[in-house]
Amino acid sequence: MRLTRTRGTDVLLVDDDEDVLESYCHLLNLSGYQPRGTASPEQALALLGADWSGVLVSDIYMPAMNGLDLLARVRQIDPDIPVILITGHGDIPLAVKAVKQGAFDFLEKPLNPEALLDLLARALEHRRALLTHRNEIQAAVEHQLIGTSPQLVAIRHQLNQLAQTDKDLMLEGEPGTGRHTLAHLLHGIGERQDQPLHLHDCAAAPGVEQMKESLALSHRGTLVLQGPARLTPECQRWLGGYLLEQERKGNKAQRTIALFEEAPEQLVAQQVLMPELYYYLSQVRIKLPRLAERSCDIIPLFRSFLRQGCKRIGRAVPQVDRAYLETLKRHQWPGNIRELRNVAELYAVGIIKLAGVERAMPAANAREPLDDLVEEYEKRIIEDTLFLFSGRVTEAANYLGIPRKKLYLRMKKHQLDKGLFKPSS
Ligand SMILES: Nc1ncnc2c1ncn2[C@@H]1O[C@H](COP(=O)(O)OP(=O)(O)OP(=O)(O)O)[C@@H](O)[C@H]1O
């Protein structure tokens, strides 16, 4: 019996006895399956891929490769391909060993056809549900993380894999590089998605008792630690012990994601991050690059934020000239993606930043006296910025690069009330 590919095949059978293969295939064909059989485990392995939606059924005793070795090799291709092993009559210890090593289940010889069909139906359903879930995760990650740089592609891949585990981890990166975005995304695509995500500001709540409160608030969900090096040494040691204990126990009370702004190794060297907490958290780590280090993502991000900004205020997406896009690419982006988002949102409301000197969109009407135009322009910029920061004057002043007091004076001159820009609740 020769195999060419697994497409269209939902059950792959492996047995060194060709007659047995024939009879299994016959039974499965009659039951509506699309089986393929092979006497060669190597050939079966060559046919499998990580996205195959079928089930592998194999004899455990074969001269070329025993079923347990075949199982281990299948798990290297995709640990979730269901493998059903056929054991000798009464060989329960071996069957139990196979299940411990990841087999979906086992059946004893002589095979009971009904039991085989029943088990196959369950295994296929399980596999299909798992692949659907995997695809959903992938789609969510693709949709929410914009960018095609090699760094971002690697991060997406890491996220897809992490979403299928319950591992605690550390996320390192400068502010604005997307640490909170990744933490929320991981929570949203993982098994704890229906439970709370709780943010713990370690500088504001550094003690053990405060940590215990946050652990209770994130029970069954996700705890995001913002800057764990700001916790007291006592709290860090306590937390390190708690997390380790939870991991040993299995079935953790919550998943913990620690966000770092500085390199954790440096914090350990400075003796502000306790080694026990560092070693525990550093088992899984994702490093987010600065935006300037992945410049090919700048334009797609800008365009996406611009589209979102325009949609929110109900304006058509404006044309962006090439020279301006070049300016964006050359900028160093000390505030990373957050800064880019602000620039794109200002662009959406008509303010062009970063073009060497800030300039407005070409004036539609230049017949008024210059002073009036300048006044009008200043008022519009202040309005737009207040709109962008939802009436938060300090942030708007920082953005415009003027002292808060000066902004208040200009707001008074133009009779602008910050309350008008606050989102209505
Ligand atoms: N890959 C990405 N694709 C699209 N948007 C992103 C991406 N990464 C981050 N963002 C957006 O950039 C902004 C900043 O991201 P985020 O808040 O996650 O950064 P951060 O590193 O946690 O910094 P901060 O602590 O300042 O919030 C957010 O508006 C977020 O939606």
Side-chain angles (χ1 to χ4, degrees), residues 137-160 162-163 169-190 197-205 222-230 256-264 267 281 285-313 317 328-329 331-349 353-354 387-390 392 394-395 398-399 423:
I137 289 176
Q138 227 165 320
V141 172
E142 293 274 325
H143 179 70
Q144 291 189 45
L145 289 187
I146 295 161
T148 51
S149 61
Q151 296 101 312
L152 201 80
V153 170
I155 288 170
R156 274 206 205 100
H157 182 67
Q158 239 179 319
L159 267 191
N160 284 331
L162 277 171
L169 66 143
M170 59 162 69
L171 285 175
E172 309 163 56
E174 287 181 5
T177 48
R179 298 161 307 160
H180 286 86
T181 305
L182 245 62
H184 280 275
L185 187 54
L186 196 52
H187 174 77
I189 58 180
L197 176 146
H198 180 73
L199 295 174
H200 183 94
D201 179 347
C202 299
T222 301
L223 175 66
V224 178
L225 298 172
Q226 299 164 307
R230 308 250 168 77
T256 303
I257 302 178
L259 310 186
F260 285 93
E261 192 174 322
E262 302 95 351
L267 296 169
L281 291 171
R285 55 201 294 178
I286 298 185
K287 195 162 186 315
L288 285 156
R290 293 171 48 237
L291 181 56
E293 286 166 18
R294 48 180 184 119
S295 58
C296 63
D297 292 342
I298 293 173
I299 306 302
L301 278 164
F302 176 77
R303 288 197 188 281
S304 165
F305 294 144
L306 182 60
R307 265 197 311 275
Q308 288 170 29
C310 289
K311 193 170 168 197
R312 213 177 40 234
I313 56 175
V317 181
L328 294 179
K329 272 213 254 180
H331 184 61
Q332 280 306 297
W333 301 106
N336 295 295
I337 305 178
R338 179 175 298 291
E339 183 188 354
L340 177 65
R341 178 167 215 146
N342 283 340
V343 167
E345 289 183 351
L346 280 176
Y347 199 100
V349 295
K353 289 214 58 146
L354 288 177
F387 166 77
L388 192 61
F389 290 98
S390 307
R392 294 189 297 274
T394 309
E395 284 171 51
N398 287 342
Y399 197 82

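In each ligand, atom 1 is the first atom listed, and ligand 1 is the first ligand listed. Any value given below was found using the heavy atoms of this structure, including those in side chains, with hydrogens, waters and symmetry copies removed.
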Heavy atom of [X], distance to ligand 1 below 4.0 Å:
{"X": "Gln144", "value": "yes"}
{"X": "Glu261", "value": "no"}
{"X": "Gly176", "value": "yes"}

Could you give the distance from CD (Glu172) to CG (Leu259), rounded to the nearest 0.5 Å? 11.0 Å

Give a yes or no on whether the backbone of [Y] and the side-chain of [X] come within a donor-acceptor separation of less than 3.5 Å.
{"X": "Arg312", "Y": "Glu345", "result": "no"}
{"X": "Trp333", "Y": "Leu328", "result": "yes"}
{"X": "His200", "Y": "Ala205", "result": "yes"}
{"X": "Arg294", "Y": "Gln151", "result": "no"}
{"X": "Asn336", "Y": "Gly178", "result": "no"}

For [atom], what is the closest protein heavy atom, and at what distance to 0.1 Å?
{"atom": "atom 25 (O) of ligand 1", "value": "Arg179 NH2, 2.8 Å"}
{"atom": "atom 7 (C) of ligand 1", "value": "Ile337 CD1, 3.8 Å"}
{"atom": "atom 19 (O) of ligand 1", "value": "Gly178 N, 3.1 Å"}

Quick one: does [X] get an N or O within less than 3.5 Å of an N or O on ligand 1?
{"X": "Phe305", "value": "no"}
{"X": "Arg294", "value": "no"}
{"X": "Ile146", "value": "yes"}

Do Arg179 and Gln226 pair up side chain to side chain, a donor and an acceptor below 3.5 Å, judged on atom types alone? no

Any donor-acceptor pair under 3.5 Å linking the side-chain atoms of Glu339 with those of His331? yes

Could you go through Phe260 and Leu225, starting from their C-alpha distance and side-chain angles, then the distance that decides it, and tell me whether this counts as side chain to side chain contact (heavy atoms under 4.5 Å, CB included)? CA-CA 9 Å; Phe260 285 93; Leu225 298 172; over 6 Å; no

Among His180, His143, Arg338, which residue places a heavy atom closest to atom 22 (O) of ligand 1? His180

Going by the closest heavy atom to atom 16 (P) of ligand 1, which one wins out of Leu185, Thr181, Leu152? Thr181

List ligand 1 atoms under 4.0 Å from Glu174, heavy atoms only on the residue side. 21 (O)

Can you tell which part of Leu301 has a heavy atom less than 4.0 Å from ligand 1: side chain, backbone, both or neither? side chain

Side chain or backbone of Arg341 under 4.0 Å from ligand 1, or both, or neither, by non-hydrogen atoms? side chain

